[in-house]
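Have a look at the structure below, then the notes.
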Amino acid sequence: YQLQSQLKSLGFSHQAGSFIPHLSIARIRKIEDKSYFHQVMAKFENGTIQAQNIEKVLLYESILSSKGAEYQVLGEFPLAEGMR
């Protein structure tokens, strides 16, 4: 809800079903055995896999086509030193 409110204040209109706010950490193109993948990932559910400093957040638009998704950067937001 907060993300939608902030995006609305920046001029992004909310149309039912057209935008689902989310955070993508990584993208996997193909998984042969989804059941095994979920089993392995469940082991890390409550732990830290790797610490990573984040210097900025990029806001992307996904443009879907028959060739696959294309991503266009809409904004770049550097993080303050204390938020990294």
* Asked: Of the non-hydrogen atoms in Leu79 and Ile54, which two are nearest, and what is the gap between them?
  -> CD1-O, 3.5 Å

* To do: Kindly compute the distance separating CD (Glu61) from CG (Leu59), expressed to the nearest 0.5 Å.
  => 9.0 Å

* Structure fact -> Tyr60 and Val73 have their tightest heavy-atom pair at CE2-CG2, 3.4 Å

* **From Ile31 atom CD1 to His38 atom NE2, the distance as rounded to the nearest 0.5 Å** => 6.5 Å

* To do: Group every Ile, Leu, Val, Met, Phe, Trp and Tyr by side-chain heavy-atom contacts under 4.5 Å, then state whether Tyr36 and Met41 land in the same group.
  => no

